[in-house]
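Atom set for the values below is all heavy atoms of this structure, side chains included, hydrogens, waters and symmetry mates excluded.
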Amino acid sequence: MGNLCALLKPKQQQPFTSKKQRYSNAPSTSRREKKKLDDAVIREQAIAAALLYKQHQQNQQFDRSSSLRYPNGVSKRNNGSNSLPRSSSSRARSLTDPLLQPHQLINQGIKVDDLETNHFVLVHGGGFGAWCWYKTIALLEESGYKVSAIDLTGSGVHSFDTNNITSLSQYVTPLTDFLEKFPEGKKVILVGHDFGGACISYAMELFPLKISKAVFIAAAMPTNGQSTLDIISQQAGSNDLMPKAQNFLYANGNDHPPTAFDLDKSLLRDLLFNQSPTKDVALASVSMRSVPFAPVLEKLSLSDPKYGTVRRFYIKTLEDNAIPTTLQENMINASPPEKVFQLKGADHSPFFSKPQALHKLLVEISTIL
């Protein structure tokens with residue numbers, strides 16, 4: 001997300017209006033061919049995410065970080081020493097994200113079936129999709145938890161044009177539909193990342209009795225009457241990278257508000273993935289989609305009898321270039337959660353940069369009485 005105040009001074013380069021306007025200066029290519037090209041790009045992005053997620057659902061054989069594993073954490077390279085195993089990439093595993101085996105949690109006395117709920121519902125941030133949680137899904141399921149990762153409207157493999165999303169309720173429909181159908185008397189742990197924080201806040205107001213805990217990961221955590229844009233406006237001028245990365249789309253014409261925005265792919269690593277493995281940056285670059293703008297503008301109505309009854313937890317990402325720690329602290333101070341955790345060395349996407357450490361915190365939160 002970041003400094004959306006750049007909206008007040010939208011970029012003047014090639015404004016997005018409509019397909020007809022965009023391609024009117026390309027006589028050699030028909031509008032139909034251009035539409036097919038656009039559709040092909042979206043299909044390519046969707047297929048990349050769908051294949052990865054489908055592989056997990058069918059086989060549930062994800063290697064937790066696609067790293068080289070050796071029994072008992074001992075590699076041939078270290079010849080029996082007790083040092084941490086190295087990733088198959090050239091980047092050494094950080095000591096802040098140690099390799100964690102599922103049996104270690106069970107041996108520490110955690111009995112998943114005895115918890116108030118062992119069902120996590122993961123909600124992605126703006127531009128992301130359920131695909132971004134693939135490491136977290138694998139780790140939690142291997143530890144005995146149930147996991148549901150939601151594709152919000154126009155995100156991931158959800159085939160809807162983000163330019164046509166006009167409200168927050170429309171954007172979060174897949175999440176609210178899931179909770180509405182969830183059995184009465186049962187509860188879940190909602191986890192929101194980035195703009196997903198506003199989305200789970202909306203759901204907390206609607207279904208407080210079905211939510212045991214809410215976890216905000218480097219996420220927007222609004223107060224009553226506040227929009228995500230209101231929150232981000234607090235850091236206007238403090239983050240030069242975000243305005244450079246934002247490309248606003250004007251599907252209704254330049255004389256109307258933006259309908260969505262994209263992030264410049266050449267700046268994705270520096271903005272969102274500055275501590276993440278190259279393979280995950282590559283996945284994101286072909287899977288991320290436009291962020292609908294209307295939901296970002298919408299002010300939330302949050303009440304103490306509903307939203308206020310859900311236990312909240314916040315996980316700060318200390319190397320975050322998209323939502324800096326100062327902004328995360330502003331949100332925490334404005335509406336203090338029950339407990340705040342920190343992920344050292346984590347960028348804006350800890351499910352990529354610190355999956356083991358993130359997993360450990362989620363498990364810890366699930367056990368808090």
query = Which heavy atom in Ala357 sits nearest to a heavy atom in Leu343, and how many Å separate them?
reply = CB-CD2, 3.6 Å
request  = Check whether more than 12 heavy atoms from other residues, nucleotides or ligands sit under 6.0 Å from atom NZ of Lys187, and answer yes or no.
outcome  = yes
key: Within 6.0 angstrom of Asp114 CG, more than 12 heavy atoms from elsewhere   = yes
message = Between Ser335 (side chain only) and Met331 (backbone N and O only), is there a donor and an acceptor less than 3.5 Å apart?
response = no
query = Between the main-chain N or O of Ile323 and the side-chain N or O of Gln328, is there a donor-acceptor pair closer than 3.5 Å?
reply = yes
message = For Phe195, run the ring pair (Phe, Tyr, Trp, His ring centres under 6.0 Å) check against Phe293, Tyr171, Phe128 and tell me which one passes.
response = Tyr171
request  = Please confirm whether the backbone N or O of Ala284 pairs with a side-chain atom of Ser287, one donor and one acceptor, at under 3.5 Å?
outcome  = no
task = For the pair Asn321 (side chain) and Leu271 (backbone), establish whether a donor and an acceptor sit closer than 3.5 Å, ignoring hydrogens and angles.
result = no
query = Does Arg311 come within less than 4.0 Å of Glu338, counting only side-chain N to carboxylate O?
reply = yes
message = Taking Glu184 first and then Lys210, would you say they form a salt bridge - that is, a charged N and a carboxylate O separated by under 4.0 Å?
response = yes
ask   = Can you name the residues that form a salt bridge (charged side-chain N to carboxylate O under 4.0 Å, His left out) with Lys299, not counting sequence neighbours?
value = Asp230
inquiry  = Counting the benzene-type ring for Trp, do His193 and Phe216 have ring centres under 6.0 Å apart?
reply    = no
task = Decide whether Leu115 and Leu209 are clustered together by the hydrophobic rule: side chain heavy atoms of Ile, Leu, Val, Met, Phe, Trp, Tyr closer than 4.5 Å, transitively.
result = no
task = Could I get the full list of salt bridge (charged side-chain N to carboxylate O under 4.0 Å, His left out) partners for Lys339, not counting sequence neighbours?
result = Glu364
query = Among Val215, Leu175, Val310, which one satisfies side chain to side chain contact (heavy atoms under 4.5 Å, CB included) with Leu190?
reply = Leu175
remark   = From the list Thr166, Val172, Leu168, side chain to side chain contact (heavy atoms under 4.5 Å, CB included) partner of Gln170 resolves to Thr166
query = Is a side-chain donor or acceptor of Asp347 paired with a backbone partner of Ser276 at a separation under 3.5 angstrom?
reply = yes
inquiry  = Tell me whether Arg312 contacts the main-chain N or O of Met221 through its side chain, where contact means a donor paired with an acceptor under 3.5 Å.
reply    = no
key: side chain to side chain contact (heavy atoms under 4.5 Å, CB included) partner of Leu122, the single match among Ile150, Val191, Ile189   = Val191
inquiry  = Quick check against the 3.5 Å criterion: does Glu319 have a side-chain atom that pairs as donor or acceptor with the backbone of Gln275?
reply    = no
task = Would you confirm whether Ser353, through its side chain, and Ala346, through its main-chain N or O, come within 3.5 Å as a donor-acceptor pair?
result = no
request  = Determine, for Asp280 against Lys135, whether the closest basic-nitrogen to carboxylate-oxygen distance falls under 4.0 angstrom.
outcome  = yes
message = Looking at Glu141 and Lys146, is there a salt bridge between them, counting it only when a charged N and a carboxylate O are closer than 4.0 Å?
response = no
inquiry  = Looking only at side-chain N and O atoms, does Glu116 offer a donor or acceptor that is under 3.5 Å from a partner on Ser212?
reply    = yes
request  = Ignoring hydrogens and angles, tell me if any N or O in the side chain of Asp194 forms a donor-acceptor pair with the backbone of Gly196 under 3.5 Å.
outcome  = no
task = Look at the rings of Phe178 and His119 and say which category their plane angle falls in: under 30° parallel, 30 to 60° tilted, over 60° perpendicular.
result = perpendicular
inquiry  = Would the distance check show the side chain of Thr259 and the main-chain N or O of Leu249 forming a donor-acceptor pair, the cut-off being under 3.5 Å?
reply    = yes
query = So Phe341 and Phe313, would you call those rings parallel, tilted or perpendicular, with 30° and 60° as cut-offs?
reply = tilted
Cluster link Leu179 to Tyr145, ILVMFWY, side chain under 4.5 Å = yes
